Protein chains: 2
Amino acid sequence: MIKKQLIMEKALDLFAKQGFEATSVQQITEHCGISKGSFYLSFKSKDELILALIDHFMMQITSDIDYTVRNTNDDKKLLYEFYYTMFHTFHKHSDFAKILIKEQIQSFNEVLIERMHNYNQLNEKIILSMIERLYREEVELIKYDLIYCIKGFMSTYLQLFLFYNVPLDLELLSQSLVEKTNLLARHTTVPFISQELIEMINQPMTEEITKEQMLEIMDKKIEEIDESIEKESLFLLKQQLLEPTLSPAIVKGLLENIRNHPHCKWISYLLRRYYEF
Amino acid sequence: MIKKQLIMEKALDLFAKQGFEATSVQQITEHCGISKGSFYLSFKSKDELILALIDHFMMQITSDIDYTVRNTNDDKKLLYEFYYTMFHTFHKHSDFAKILIKEQIQSFNEVLIERMHNYNQLNEKIILSMIERLYREEVELIKYDLIYCIKGFMSTYLQLFLFYNVPLDLELLSQSLVEKTNLLARHTTVPFISQELIEMINQPMTEEITKEQMLEIMDKKIEEIDESIEKESLFLLKQQLLEPTLSPAIVKGLLENIRNHPHCKWISYLLRRYYEF
DNA sequence: TTGACAAATGACTCACTAGTCATTACTATA
DNA sequence: TATAGTAATGACTAGTGAGTCATTTGTCAA
């Protein structure tokens, strides 16, 4: 167990400096003063190591932030405490944070991408709960945009103190972001990210949607919709899905018909993926 | 020449899917239907290829945005046109954009990091010029924060349409960001990023500052400052730099004295790096 | 001291990569 | 058609990396 921690610590060092791909197991074991074989007694593979690191730190970071949000009773202080804790915990684990930002995950294995996706959703949930508690129905239409703005603030200002090791005043930074967040929450009138868009995004990317699921959604939407063109298009597309008879050009045209209908974005997206347009 | 473009195109494909490191020259040439030797007739190395790609696209993207900002005469439309062009150009080159986000550069060779740093500064300049034109002295104190917020918006919303290939309404997105930017520009009162901080950051990271340059800065600051403690601390630190006589603890204490003085952040940062505190 | 078990080692395998270069295929001119 | 010059090839080199496993070292109870 101790060995495992040693390896994780030293590997973190090297990953933060050189990146994951560029660091060999050899280097890690040398840096630990152990043999290569020994490494494989603690971890089945290099991938298992990075997974352990990500789990270890993401759990800490996530729970730090979650704890703060749950245990700050004073609503007036909530946003400030959130930002402060977030920056503070990332600062505490800055080597890990560097890895997180450098390796945009993406190119790793499936398991890892899935895992990061989950942590991401978890964090979004925490932010959402905070927003809903602070602003109530006032932000109903713009709450998802607010999440994205907060995440935007986090990422740009994080870069600042991770990659230029400049001394920063976290208190001032948090204060400044509190003001910005309040401004956006109270005065934004043009929402961009709708409930539907969020559903599209949070759909697990890997999993394929089945034809049956699509048919189900289409049935529901056909009932919901009043506009005749869209309704008929949707109906024809449903027929096409059950029994392909129409030419690609027609299918594409029908898809175009429903593309901009607010209730059809999700299904038109699925269909486009299905037909590989 | 044609060959070069073919390679760049196909490589872009693979890099966007798998990442730069994970894509071998072999794979690229297979994807092009040419031999390995042929690759090396067009590019001296794999690094030269990624450099060519980055230059090719960054120049296009940067000049697209710059053109729009320079040629939009109507101030009322400027912000909108900026966002729209930015998203539009990144969308047009979405494979490249993916690479840009995935490979956080960082772990590449020196030349590339330097190059990206330059494009980054160029883009910040464009944004700054836009902000100054739109809001004049109204934003003097918060203009750098505004740049960072705009960059934050850009990066989060870019992620949205790069990694979930969801159909997005760029016009609405741009409108929505215009509103947010205006809100922040007109009502923010708590600045975080000062002129001095920006100078710290834009300092080329690779180049080492010489003792002489530090002495020069210190002389200037000693004259500027009125507060006696800070002034004396700075004076002692200057003596120490010329002729080390004080113990590390004392030096650290003196540094602590000047750390929070608004005029001394930069020099205290340099000194801390110099003494490796 | 011995024997049994666990922990640790590092030489080794196998797969893969960037980059080279002698050879071959192609092209255009005389 | 012959020839010179260019473009393209792919087997090859030299190197690296992840992961394995026969062997050695350490530990502790009898």
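Per chain, numbering begins at 1; letters A, B, ... match sequence-line order. The figures here come from the full heavy-atom set of this structure, side chains too, leaving out hydrogens, waters and symmetry mates. For clarity, every value in this text was computed on a predicted model and none was experimentally measured.
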Please report, rounded to the nearest Å, how far the [atom2] atom of [N] is from the [atom1] atom of [X].
{"X": "I28(A)", "N": "dG10(C)", "atom1": "CD1", "atom2": "P", "value": "17 Å"}
{"X": "K44(A)", "N": "dT20(D)", "atom1": "NZ", "atom2": "C1'", "value": "15 Å"}
{"X": "E48(A)", "N": "dG19(D)", "atom1": "CD", "atom2": "P", "value": "10 Å"}
{"X": "F39(B)", "N": "dG10(D)", "atom1": "CZ", "atom2": "C1'", "value": "16 Å"}
{"X": "L41(B)", "N": "dA22(C)", "atom1": "CG", "atom2": "P", "value": "15 Å"}
{"X": "K4(B)", "N": "dA8(D)", "atom1": "NZ", "atom2": "C1'", "value": "17 Å"}
{"X": "F43(B)", "N": "dA7(D)", "atom1": "CZ", "atom2": "C1'", "value": "17 Å"}

Subject >> Value rounded to 0.5 Å, distance of NE2 in H31(A) from CD in E9(A) >> reply: 10.5 Å
**OP:** Drop me the distance from Y84(B)'s OH to L177(B)'s CG, to the nearest 0.5 angstrom.
**Re:** 13.5 Å
Subject >> Sole candidate of Y157(A), F96(A), F161(A) that passes ring-ring contact (aromatic ring centres under 6.0 Å, His included) when paired with H91(A) >> reply: F161(A)
**OP:** Check whether any side-chain N or O of S35(A) sits under 4.0 Å from OP1 or OP2 of dG10(C), and answer yes or no.
**Re:** no
Original post:
Would K151(A) count as a cation-pi partner of Y148(A), with NZ or CZ less than 6.0 Å from the six-membered ring centre and within 45° of the ring normal?
Top reply: yes
Please list each protein N or O that sits under 3.5 Å from an N or O in nucleotides 13-18 of chain D, with the distance.
residue: dA18(D); atom: OP1; partner: K46(A); partner atom: NZ; Å: 3.0
residue: dA18(D); atom: OP2; partner: V25(A); partner atom: N; Å: 3.0
residue: dA18(D); atom: N7; partner: K36(A); partner atom: NZ; Å: 2.8

Original post:
Are T23(B) and Q18(B) linked by a side-chain donor-acceptor pair shorter than 3.5 Å?
Top reply: yes
Original post:
Does T156(B) reach the side chain of L160(B), with side-chain heavy atoms less than 4.5 Å apart?
Top reply: no
